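Quick notes on the structure that follows.
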There are 2 protein chains.
Amino acid sequence: MSVGIRHDDLRRRNRAMVLSAVRRAGQPSRTEIAATTGLSHSTISAISSDLIQEGILAEGKPSETTSLKRGRPQVGLTLNPEAAAVVTVVLSLNFLSVAVIDYAGQVIAEEQRRLDTLTMPRDELIGECTAIVRRRLEDPDLDLGSVARIAMGIQGITDSHARAMLWSPITPLTDIPFADILEAEFGIPATMENDCNMMAVALQWRDPDRYRDNFIAILLSHGIGMGLVLKGELFTGTHSSGGEFGHMIHRPGGALCRCGRRGCVEAYAGNYAIWRSAMKMSEDAEPVDVGDADMRALAAKAREKDGPERDAYRRAGEALGFSLGNLFALIDPAPVAMVGVSAAAFDLIEPALREAIAQTAGGQHSKSISFDTEPNELPLIREGCAIRALTFVDQEIFAPGVQARAGSGKNVA
Amino acid sequence: MSVGIRHDDLRRRNRAMVLSAVRRAGQPSRTEIAATTGLSHSTISAISSDLIQEGILAEGKPSETTSLKRGRPQVGLTLNPEAAAVVTVVLSLNFLSVAVIDYAGQVIAEEQRRLDTLTMPRDELIGECTAIVRRRLEDPDLDLGSVARIAMGIQGITDSHARAMLWSPITPLTDIPFADILEAEFGIPATMENDCNMMAVALQWRDPDRYRDNFIAILLSHGIGMGLVLKGELFTGTHSSGGEFGHMIHRPGGALCRCGRRGCVEAYAGNYAIWRSAMKMSEDAEPVDVGDADMRALAAKAREKDGPERDAYRRAGEALGFSLGNLFALIDPAPVAMVGVSAAAFDLIEPALREAIAQTAGGQHSKSISFDTEPNELPLIREGCAIRALTFVDQEIFAPGVQARAGSGKNVA
DNA sequence: GGCTTTTTTTCGAGCCTCGAAAAAATAGTG
DNA sequence: CACTATTTTTTCGAGGCTCGAAAAAAAGCC
């Protein structure tokens, strides 16, 4: 039974709405906010006055808004960058990246490190993560008290509560509760989310026209991952981060997958699978790591002339096409973004993909399905983490429930 | 941009909440409602007083509530059966069924007809549907003005706005806007929904403990259909009713499906596919209609001894298992209800199904996945339609937005 | 400088929910 | 049978919130 609406909720939700409108629009006037939210001018005036007094919003420079119209000029409202800060942590294969981001969304500090995630013991991996965050938080320019949220993104399966990494291809370790670890270490609320989900969040933020209510982000890399947005909301499984698209079964009993099963999409379309197929190795051959440079060379060779390389990409496209078609049978077709190193070879993949998808129930209008490509996943993941964390601050800290209202950057426990 | 919350919304939502609480609990006291909704006693008192005055709720017989406790006895609130009525229309293969249901959910009239849906021309099919509804509405015992909603359920694909049948296995006709037709004919708001979705709604209503937030209803009949509930809400595709589970591709290029494609789940697990396989016909053989009695005989034979019949069910289980596993890879495992005539043969299907699902990423905890069976789909579909329609009345007519409040059963246009 | 236009703020009205207190309705008790 | 304890329901005033109208503010236009 969903709970009734209390009177206090009203203000809370409308505050959140105003913050969301400002974050989305950049520097909207009160009148614009009233229009997008559907609330009255008086309400917006009252709420924004509160938010300015609390140091969350600020009035923009009137000089910038060179109004050509007559009448009182609009005053743009902006997010006060100093109202809060968030930290993003992105952990991927052999690579750790941290950024500190102010409330307005600008990166104010960052640090990156190479490390050997595949062989690192548990304590060391956790230690590296906490250490790099600590270094950024110890920056004297940063007001530690204003850091309101840490958002970590990782390649692998996370639990649906955004607390822990359950399994990951970048390390043999399992069940690491990174969110709890970071929270305990720094006393700052933290989350641990799947990289592909963060990519989807970032795409929605970057291009809301194309990626609005329903779309799919697919990571074509060593493994195959997916972030799925349905009805405008990130879709996660009931227990895990969900969307194990890469391990849908393409051919029962087929090629050997890194996960130990047979016939997964990844066993045909992952980097190692394309490589294995191009090298005419057996479908049962143990998956090997292939570097990005090798993959680019492979793609170049496949573009050059017909042969096993081109055929490998064709098989990858077929696997992706049938599985996408199966997915579309369930959710109807939607825009797709292909991200990662093999997205740069999408020209080799696309023909077979479209041919396969046309043979499925979900591919009835396969002509109209459109694909975008983005070879570089890291910036997307970081941006998604940042948006996630900032949205949390907007909604839970600056528009809190019954708890005492947050004064001057103090976090709600 | 989602819209802000107006002050009027508050009452509206809380009225809807109270109605929902009464519908769910049967005869709750005001105190119980306050507890489940989290609203204060005063608020519940005010709202229920309004609702009683408007003739929507009524106070229950105090005689029934034989209180053993001392203190003022609780007064149960009930839905006033005469506050409104809804009509359900269920159209399935060669069968049309209509019921009139009062606001409290009791069937007050019904009628069923056999007709030859497969060969019927368009006008005649539409005519039969409107005629049967008209006969029920002309019943002199029925206050026509109180009929607030018509909910139609059909086997086949419907659009996501619940307006039209797009395609159906029970007729070669396509794109019939039944909801618009019924609305135009009777001036009563109508919907047209997929049968499996209505089954899911009914299951959630009947057994909310088992079927709460995430579950799946699968229709094992001539075709294979699915109703999917995620996060407590019916999941539909973006354009269509979604969940074309039966036409996920099990084996690329495999057996011929009724839909004309190859390798669909249905081409292995639909009644015609099981029959075809049991009769040792080619996988390319044209699908034929098989009667329920024949299917029951087939199942009996398969139980009796090993042979092509048992093998056919095994293959059906395998197809269902792999596809369910693929679905579970996306959404995580959830309780499943198997409905329809072949659900009665689920004992023959289950072993191979579980074996297949264990080979998929979604089947990691396949032991814990539980299946329920329900051989008779019609009552479920009707009940789902009824709940849908009544919930609509609760929310949109008796707790309307800015429009004038509904007086004494008059509909909002 | 006065007028028009547009944005923003102010102010009173109208609702809504809440908590506290009162009223209502019953069971126990001597 | 009167009185008390107990529980449910209603009443009532207080406090908040949003809204519309009007006022104030801040420009451009003539």
Side-chain angles (χ1 to χ4, degrees), chain A residues 3-18 22 27-53 57-77 399-402 405, chain B residues 3-18 22 27-53 57-77 399-402 405:
Chain A
V3 87
I5 301 189
R6 313 278 304 276
H7 206 166
D8 344 358
D9 291 345
L10 243 170
R11 234 315 146 75
R12 202 194 93 239
R13 295 203 197 191
N14 287 339
R15 273 171 72 101
M17 195 83 48
V18 169
V22 175
Q27 204 180 43
S29 70
R30 292 167 176 82
T31 308
E32 281 175 59
I33 299 173
T36 56
T37 59
L39 297 170
S40 73
H41 288 184
S42 3
T43 303
I44 300 300
S45 181
I47 291 177
S48 49
S49 160
D50 284 358
L51 290 171
I52 290 170
Q53 203 141 36
L57 291 185
E59 295 198 333
K61 290 280 167 297
S63 57
E64 296 167 29
T65 47
T66 45
S67 63
L68 344 104
K69 300 174 302 182
R70 64 176 168 177
R72 181 173 174 172
Q74 303 190 350
V75 179
L77 296 178
V402 275
R405 203 141 277 174
Chain B
V3 85
I5 301 188
R6 315 278 304 278
H7 205 163
D8 345 354
D9 291 344
L10 243 170
R11 231 322 144 73
R12 203 195 92 241
R13 295 203 198 191
N14 287 339
R15 274 171 71 101
M17 194 81 50
V18 169
V22 174
Q27 204 180 44
S29 70
R30 293 167 176 82
T31 308
E32 281 175 58
I33 299 172
T36 56
T37 59
L39 297 170
S40 73
H41 288 183
S42 1
T43 302
I44 300 301
S45 182
I47 292 177
S48 49
S49 160
D50 283 358
L51 290 171
I52 290 171
Q53 203 142 37
L57 291 185
E59 295 197 332
K61 290 280 166 298
S63 59
E64 297 167 26
T65 48
T66 44
S67 62
L68 342 106
K69 300 174 302 183
R70 65 175 167 176
R72 180 171 173 172
Q74 303 190 350
V75 179
L77 296 178
V402 274
R405 202 141 281 172

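Quick caveat, the model's predicted, so the values are computed rather than measured. Proteins get letters first, then strands, A, B, ... in listed order; numbering begins at 1 in each.
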Legend entry - For A:Ala46, side-chain contact (heavy atoms from CB on, under 4.5 Å) partners two or more places apart: A:Arg11
Inset, instruction - Using whole Å, report how far CG of B:Asp8 lies from P of D:dT18. - result: 12 Å
Inset, instruction - Would you give a per-nucleotide map of nucleotides 2-9 of chain D, 5' to 3', where B means the base has a protein non-hydrogen atom under 4.0 Å away, S means only the sugar-phosphate does, and - means neither? - result: ---SBBBB
Inset, instruction - Could you pull out the closest heavy-atom pair between A:Ala399 and A:Ala16, with the gap in Å? - result: CB-N, 3.8 Å
Inset, instruction - Calculate the interatomic distance between B:Gln53 atom CD and D:dT10 atom C1'; express it in whole Å. - result: 14 Å
Legend entry - Under 4.0 angstrom between A:Thr43 side-chain N/O and D:dC19 OP1 or OP2: yes
Inset, instruction - For a side chain to side chain donor-acceptor pair (under 3.5 Å) with B:Arg30, tell me which candidate from B:His41, B:Glu59, B:Gln74 qualifies. - result: B:Glu59
Inset, instruction - Identify which one of A:Asp50, A:Ile47, A:Leu51 satisfies the side chain to side chain contact (heavy atoms under 4.5 Å, CB included) criterion when paired with A:Leu57. - result: A:Leu51
Inset, instruction - Determine: side-chain N/O of B:Arg11 to OP1/OP2 of C:dC15, distance under 4.0 Å, yes or no. - result: no
Inset, instruction - Calculate the interatomic distance between A:Asp9 atom CG and D:dG15 atom P; express it in whole Å. - result: 21 Å
Using atom names, set out every protein N or O paired with an N or O of nucleotides 11-13 of chain C below 3.5 Å, distance rounded to 0.1 Å.
none

Inset, instruction - To the nearest 0.5 angstrom, please state how far the CD1 atom of B:Ile52 sits from the CG atom of B:Leu77. - result: 5.0 Å
Inset, instruction - State the CD1-OG distance between B:Ile33 and B:Ser45, to the nearest 0.5 angstrom. - result: 10.5 Å
Inset, instruction - Please report, rounded to the nearest Å, how far the P atom of D:dC17 is from the CZ atom of B:Arg12. - result: 21 Å
Legend entry - 5′-ward residue of the pair A:Ile5/A:Ile44 relative to DNA chain C: A:Ile44
Inset, instruction - Take the protein atom CZ of B:Arg13 and the nucleotide atom P of D:dC17, then report the distance between them rounded to whole Å. - result: 17 Å
Legend entry - From B:Met17 atom CE to B:Arg12 atom CZ, the distance as rounded to the nearest 0.5 Å: 10.0 Å
Legend entry - Rounded distance in Å - CG (A:Asn14) to P (D:dC17): 10 Å
Inset, instruction - Drop me the distance from B:Ile44's CD1 to B:Thr36's OG1, to the nearest 0.5 angstrom. - result: 7.5 Å
Legend entry - B:Arg15 CZ - C:dC15 C1' separation (whole Å): 14 Å
Inset, instruction - Taking the side chain as every heavy atom from C-beta outward, state whether A:Ile5 and B:Asn14 have any atom pair closer than 4.5 Å. - result: yes
Legend entry - Any donor-acceptor N/O pair under 3.5 Å between D:dC17 base and B:His7 side chain: yes
Inset, instruction - Rounded off to whole Å, could you give me the CE-to-C1' distance for the A:Met17 and D:dC17 pair? - result: 15 Å
